[in-house]
Amino acid sequence: MASYDYDFFVIGGGSGGVRAARLVAGMGKKVAIAEEYRYGGTCVIRGCVPKKLLVYASHFSEEFEDAAGYGWTVGESRFDWPTLIRNKDREIARLEGLYKMGLGNAGAEIFESRAELVDNHSVRILNSNKIVTADKILVAVGGRANHVDGLEGHELAITSNEAFDLPELPKAILIAGGGYIAVEFANIFHGLGVETTLIYRGAEILKNFDMDMRRPLHKAMEAKGIRILCGEVISKIVRSADDRLDVTTSAGKNLKVDQTMLAIGRVPNTANLGLDKAGVRVDEAGAIIVDEHMRTSSENIFAVGDVTDRVQLTPVAIHEAMCVVETAFRDNPTTPDHDLIATAVFSQPEIGTVGLSEDEAAGRFDHLEVYRAEFRPMRHTLSGRQEKTIMKLVVNGADRKVLGAHILGPDAGELAQILAITLKAGCSKDDFDRTMAVHPTASEELVTMYQPTYRVENGQRVE
Ligand code: NDP
């Protein structure tokens, strides 16, 4: 057998790459990992983690307002963006250190450099120009923010990368996109006091979510003061004489803002990675093509996470990495399970969801029962806030199996995690019905909706 410098070389130090490298090094194998930017990848450095910290920061403005109904007088409040960013940076640096420490403790060799494939067993470490060899290789280089080709003034726009480190908080921002990042950042900036506009090309934000989440969230965001323009895109961005931005939309509207942020999806990070030299095939979007075991077209090379452009979520990349470890190092070929992935949008109110939307379910099943509750959460009875919570279960009328669960309201993400277990376990509506409520909570609605709100027969709603 040929001898290599390493048993396993991982390109990309994000969630997927770090997990695989750590596990395999922990098995006593000779492992190296290379990361060109910072260990932790998108999720830890400029994605989920700093985003959630910014979400927490943005909640305080409403909490100060809500406190009055409970008898509190909150003094004059002021927000300081540099303090938030400094504290966020300190936390991110701490997590990055933990990632590296975990790798080091497991015995993996850490390269702080870009690495590119030279052939299917060789990798060039760019900062030393050294070529090393490995028996097996994992490509886990993630994705990067998409840009609009040909948009005049696109170089004046930021993406989520820069949004985390702006030197100052803009007075007004325009955010393009209707997906997770656009919606979450619109709520963050609004909550921090920024005049916020969202512009989305489609008819309603959050295309793949249940309509009972999309429309009410849209309305709630508008009620807070976020301006939402649907059916439009940015057509031009120009720097104005007062050093702000003049933005023109496809509908001919003119907006004056301090920042324009593009949140229009993410694309795989595969350019100039040497994939062709290693026999690794990509699709037309540049995503690495993998089989059911995350194996690429090159037998000893695997790929996980956003670079495969299947499900762009951190826990999925980690799960896929663990499957690769089983397949490649434990002689246990393992296929990632992508069914019933719960997800949350950290908007205000939040969305938590798992399983099929009503529309998706209606396309697949002839008889649906839909259970839907809309109510003002108890907390808002005294706060005076009018915001509603919505809980919805989509049930297959034939066997009473719960196909989808959707929540719009406080802590919806936390609830989606628990609901995911029930759907994964194949629970039926009868299981929900015989579960005792926890009182007084909002989530007790999930087990006390005894009668369907309506049915859907062969795609048609029946009251
Ligand atoms: P999404 O895929 O969620 O949304 C992209 C949005 O951009 C869509 O609304 C899409 O429109 C729109 N769009 C795409 N191309 C264009 C274009 N050329 N011009 C105008 N609009 C365009 O991507 P995000 O960037 O928001 O996030 C990337 C991924 O990161 C997500 O898919 C998600 O998996 C992950 N993520 C998860 C989070 C979470 O779990 N809470 C948070 C943030 C990100 P259309 O709908 O019409 O296609």
Side-chain angles (χ1 to χ4, degrees), residues 14-16 41-56 142-154 157-164 174-188 197-209 211 213-214 217-218 228-237 247 249-251 260-269 285 287 305-320 338 341-354 357 407-408 411-414 416-417 420:
S15 304
T42 302
C43 172
V44 173
I45 306 298
R46 47 193 181 190
C48 325
V49 175
K51 181 276 306 288
K52 192 81 188 272
L53 295 174
L54 264 54
V55 168
Y56 285 132
R144 62 190 156 74
N146 198 3
H147 287 271
V148 185
D149 292 335
L151 168 64
E152 192 179 333
H154 69 91
I158 60 166
T159 66
S160 53
N161 286 352
E162 295 78 30
F164 288 116
L174 173 66
I175 301 177
Y180 285 84
I181 296 179
V183 168
E184 290 182 342
F185 269 93
N187 284 277
I188 288 170
T197 306
L198 187 72
I199 182 165
Y200 171 49
R201 65 181 178 182
E204 187 54 277
I205 57 172
L206 293 172
K207 186 169 68 181
N208 296 321
F209 287 75
M211 217 24 127
M213 304 283 106
R214 301 168 67 188
L217 176 63
H218 180 146
I228 302 181
L229 307 173
C230 283
E232 288 183 56
V233 293
I234 297 174
S235 51
K236 190 160 84 171
I237 311 171
V247 183
T249 77
S250 53
T260 303
M261 173 173 158
L262 303 181
I264 53 168
R266 294 178 62 82
V267 291
N269 237 342
D306 289 6
V307 76
T308 64
D309 200 15
R310 302 193 306 175
V311 187
Q312 298 176 347
L313 295 172
T314 300
V316 175
I318 292 172
H319 171 69
E320 290 174 350
H338 288 153
I341 298 169
T343 172
V345 182
F346 294 100
S347 45
Q348 295 170 37
E350 210 166 287
I351 291 179
T353 180
V354 58
S357 67
I407 299 176
L408 176 74
D411 301 320
E414 303 288 339
Q417 183 65 85

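The figures here come from the full heavy-atom set of this structure, side chains too, leaving out hydrogens, waters and symmetry mates. Ligands are counted one by one from 1 in listed order, and the atoms in each one are counted from 1 as well.
Checked by atom type and distance alone, the side chain of Glu162 pairs as donor or acceptor with a backbone atom of Thr159 at under 3.5 Å. Put simply, the side chain of Arg266 gets close to the backbone of Gly143: a donor and an acceptor are under 3.5 Å apart.
Partners of Ser250 under the side-chain contact (heavy atoms from CB on, under 4.5 Å) rule, at least two apart in sequence or in another chain, are Glu232, Val233.
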Please evaluate residues Ile199 and Ile234 with respect to the criterion side chain to side chain contact (heavy atoms under 4.5 Å, CB included), reporting the C-alpha separation (whole Å), side-chain torsions for both, the decisive distance (0.1 Å), and the verdict.
CA-CA 8 Å; Ile199 182 165; Ile234 297 174; 3.9 Å; yes
Please determine whether side-chain hydrogen bond (donor to acceptor under 3.5 Å, both in side chains) holds for the pair Tyr180 and Ser347, giving the CA-CA distance in whole Å, both sets of side-chain angles, and the decisive distance to 0.1 Å.
CA-CA 9 Å; Tyr180 285 84; Ser347 45; over 6 Å; no
What's the verdict on side chain to side chain contact (heavy atoms under 4.5 Å, CB included) for Ile181 and Met261, showing C-alpha distance, side-chain angles and the deciding distance?
CA-CA 10 Å; Ile181 296 179; Met261 173 173 158; 3.8 Å; yes
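Around CD of Gln417, the count of heavy atoms belonging to other residues, nucleotides or ligands within 6.0 Å does not exceed 12.
When hydrogens are left out, the protein atom nearest atom 1 (P) of ligand 1 is Gly179 CA, 4.0 Å; that is the closest non-hydrogen contact. Atom 16 (C) of ligand 1 has as its closest protein heavy atom Arg201 NH1, 3.4 Å. Scanning the protein heavy atoms around atom 37 (C) of ligand 1, the nearest turns out to be Tyr180 CD2, 3.6 Å. What sits closest to atom 14 (C) of ligand 1 on the protein, heavy atoms only, is Ile264 O, 3.3 Å. The closest protein non-hydrogen atom to atom 46 (O) of ligand 1 is Tyr200 OH, 2.7 Å. Protein heavy atom at the shortest distance from atom 25 (O) of ligand 1 is Gly265 N, 2.9 Å. Counting only heavy atoms of the protein, atom 26 (O) of ligand 1 lies nearest to Ile181 N, 2.8 Å.
Which parts of ligand 1 touch Lys51 is read off a 4.0 Å heavy-atom cut-off, strictly below it: atoms 41 (N), 42 (C). Near Glu184, the atoms of ligand 1 lying under 4.0 angstrom from a non-hydrogen atom of the residue are 41 (N), 42 (C), 43 (C). Taking every non-hydrogen atom of Ala344 and a distance limit under 4.0 Å, the qualifying atoms of ligand 1 come out as 39 (C), 40 (O), 41 (N). Taking a cut-off of under 4.0 Å to the non-hydrogen atoms of Arg266, the atoms of ligand 1 that pass are 28 (C). When each atom of ligand 1 is checked for a heavy atom of Gln312 under 4.0 Å away, the hits are 28 (C), 29 (C), 30 (O), 31 (C), 32 (O), 33 (C), 34 (O), 35 (C). The ligand atoms of ligand 1 that sit less than 4.0 angstrom from a heavy atom of Leu313 are 34 (O), 37 (C), 40 (O).
Ring centroid separation for the pair Tyr56 and Phe346 does not come in under the 6.0 Å cut-off.
For residues 307-317, the set of pairs meeting the salt bridge (Lys or Arg N to Asp or Glu O under 4.0 Å) definition, not counting sequence neighbours, comprises Arg310-Glu320.
Polar contact with ligand 1: present for Lys207 (N/O pair, distance under 3.5 Å).
Nearest residue to atom 9 (O) of ligand 1 from Gly352, Ser347, Gly178, Pro315 is Gly178 (criterion: closest heavy atom).
The closest approach between any non-hydrogen atom of Ala176 and ligand 1 is not below 4.0 Å.
Across all non-hydrogen atoms, the minimal contact from Pro268 to Ala285 is CD-O, 3.6 Å.
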